S.K.: 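I'd like to ask some things about the structure below.
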2 protein chains.
Amino acid sequence: MPRRTNTRERLITTAAELFWRQGYAQTGVNEIMQQAKTTSGSFYHFFPTKDDLLLAVVDHVADILETDVFGPSEERTTDPFERILAVMEASRRHLVEHDFSLGSPLGSLAAEISESHPAVRQRIAGLFEQWIDRIRGYFSEAGNRLPAGIDRDGLARFALSILEGAILQARVERNLAAFDASVAELRRHFQLLEQPGAFERRRETPTQPSAQPETTTADWRAW
Amino acid sequence: MPRRTNTRERLITTAAELFWRQGYAQTGVNEIMQQAKTTSGSFYHFFPTKDDLLLAVVDHVADILETDVFGPSEERTTDPFERILAVMEASRRHLVEHDFSLGSPLGSLAAEISESHPAVRQRIAGLFEQWIDRIRGYFSEAGNRLPAGIDRDGLARFALSILEGAILQARVERNLAAFDASVAELRRHFQLLEQPGAFERRRETPTQPSAQPETTTADWRAW
DNA sequence: GTCTATACCCTGATAGAC
DNA sequence: GTCTATCAGGGTATAGAC
């Protein structure tokens, strides 16, 4: 079924950018329609509700991330560590190019709708897992450059934490200090792991929540 | 001037929790008023607009973070590395206690209003800087347990990235896999840095964006 | 300082012609 | 598939008595 118009695509791509920049709740359907140069009739022809558009946007972003970030980064180099660093480099360029107005493609959206839209939250969680699998794949290819018995899955989640946190800081502070420092330190982490004899002792690396956290004196009030 | 009522405080604390859980835009003043058991007249007596309440909330959250997180974590231990890890432990407990419904106290809020509320964004950026100063202070106390010439400021920003990213992942995935892995890997990073001879070579640790990024093939479309 | 009542706009969504 | 016109409801904010 060849589509005759691209209105649906236009709605998705403009909504993606607006949600990304200003969030879901802050973006009205009117704004989307105007910017996509279409009208109410078309909008609701394709999407029964605004929430349905959101779901389509999430899928679209996942596609773009694949073809424009992960794909090129993997083509660029075969070195496992450089591959994940290339993903970060792509994020960095994106921050700069858009003057820090765009954060993580799904990160802030995920946080925003985490409570109100369980289905979307789950969808995004699945995407996070995909990326983690992917990055873990890089680390698997690293073979014995990494210490034996290291938790590659955990290392992938660690890298994703750094990326998301670094983007957030860059966006809030509107500079690259935290981003560059984070990438530099991750790079050093890889180097340290590669050093012979880097991993001679200890054996505690709780990746799965095997038990409840040890009690802490830190006590957050009910704010 | 002794205040006769605590209405103002009630508004701030309930708004803080609601903004934290569901975001700013998603939270209506009606909802805040109801939950704080007050009415429109009182609300606008204390806060000319909803935005003014937001600013008060940010300041309040900063206070709580100081007294309930950083303070206790510092009293708990004098070991510099354990201090930052104690902050993470406090965040972890908080995630669990609230079933992952609450993320970073200011992180997601910052992302949400980053574009629409420049003044608030700047205020939060200032708080981030404060925390970084604080954490850098820990690393300064670490003295020669850290390699000479290491970028302690960068290390602090790195730690904050990990914390923010780990909280985000935990909230989206609704489990602690990424959080625990991130903390474990950060702990290992500290251990590796402490190892004698961990830092014998290389000299490239760009913290300040000294130059433009190297060109990359990764190309994000204009979505 | 707190209450009730209400203004008024913008939002997501619908109706129906073309 | 796209248009115009419109609705119902909830949003922030105001008015004025107490």
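What you see is a predicted model, and the numbers here were worked out from it, not measured in a lab. Here is how names work: the chains are called A, B, and so on, in the same order as the sequence lines, proteins then strands, and each is numbered from 1.
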S.K.: Specify the closest pair of heavy atoms between B:Lys50 and B:Thr27, including all atoms of both residues, with the distance to one decimal.
M.R.: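 Scanning both residues completely, I find the closest heavy atoms to be NZ-O, 2.9 Å.
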S.K.: Would you say a side-chain N or O of B:Tyr44 is under 4.0 Å from OP1 or OP2 of D:dT14?
M.R.: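 The answer is no; no side-chain N or O of B:Tyr44 sits under 4.0 Å from OP1 or OP2.
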S.K.: Any idea how A:Trp20 and A:His94 line up, ring-wise: parallel (<30°), tilted (30 to 60°), or perpendicular (>60°)?
M.R.: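 If you compare the ring of A:Trp20 with that of A:His94, the planes turn out parallel.
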S.K.: What nucleotide among D:dG1, C:dT2, D:dA13 has an atom nearest to a side-chain atom of A:Thr5?
M.R.: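 Within the option list, the nearest is D:dG1.
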S.K.: Would you mind reading off the distance between B:Phe47 atom CZ and D:dT14 atom P, rounded to a whole angstrom?
M.R.: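 One finds 15 Å between P of D:dT14 and CZ of B:Phe47, rounded.
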S.K.: For the pair made of CZ in B:Arg10 and C1' in C:dT2, what is the distance, rounded to whole Å?
M.R.: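 To the nearest whole Å, that distance equals 11 Å.
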S.K.: What's the NE2-P distance between A:His45 and C:dT14, to the nearest Å?
M.R.: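 It is 15 Å, rounded to the nearest whole Å.
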S.K.: Looking only at non-hydrogen atoms, find the nearest pair between A:Tyr24 and A:Glu112 and report the distance.
M.R.: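 Nearest heavy atoms, A:Tyr24 then A:Glu112: N-OE1, 2.9 Å.
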S.K.: What is the distance, to the nearest angstrom, from the NZ atom on A:Lys50 to the P atom on C:dG12?
M.R.: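 Rounding to the nearest Å, NZ of A:Lys50 and P of C:dG12 are 5 Å apart.
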S.K.: List the residues meeting side chain to side chain donor-acceptor pair (under 3.5 Å) with A:Ser182, not counting sequence neighbours, and say none if there are none.
M.R.: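 Once residues adjacent in sequence are excluded, the partners of A:Ser182 under the side chain to side chain donor-acceptor pair (under 3.5 Å) criterion are B:Ser161.
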S.K.: In residues 29-43 of chain B, which ones come under 4.0 Å of DNA chain D, going by heavy atoms?
M.R.: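 Contacting residues: B:Val29, B:Asn30, B:Ser40.
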S.K.: Do the rings of B:Phe158 and A:Phe158 sit parallel, tilted or perpendicular, given the 30° and 60° boundaries?
M.R.: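 Taking A:Phe158 first and then B:Phe158, their aromatic rings stand perpendicular (interplane angle over 60°).
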S.K.: Regarding A:Arg121 and B:Glu173, does a basic nitrogen lie under 4.0 Å from an acidic carboxylate oxygen?
M.R.: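 No.
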S.K.: Rounding to a whole Å, what distance do you find between B:Asp51:CG and D:dG11:P?
M.R.: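 Rounded to whole Å, this separation is 16 Å.
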S.K.: Can you tell me how far P of C:dA13 sits from CZ of A:Phe46, to the nearest Å?
M.R.: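 Answer to the nearest Å: 17 Å.
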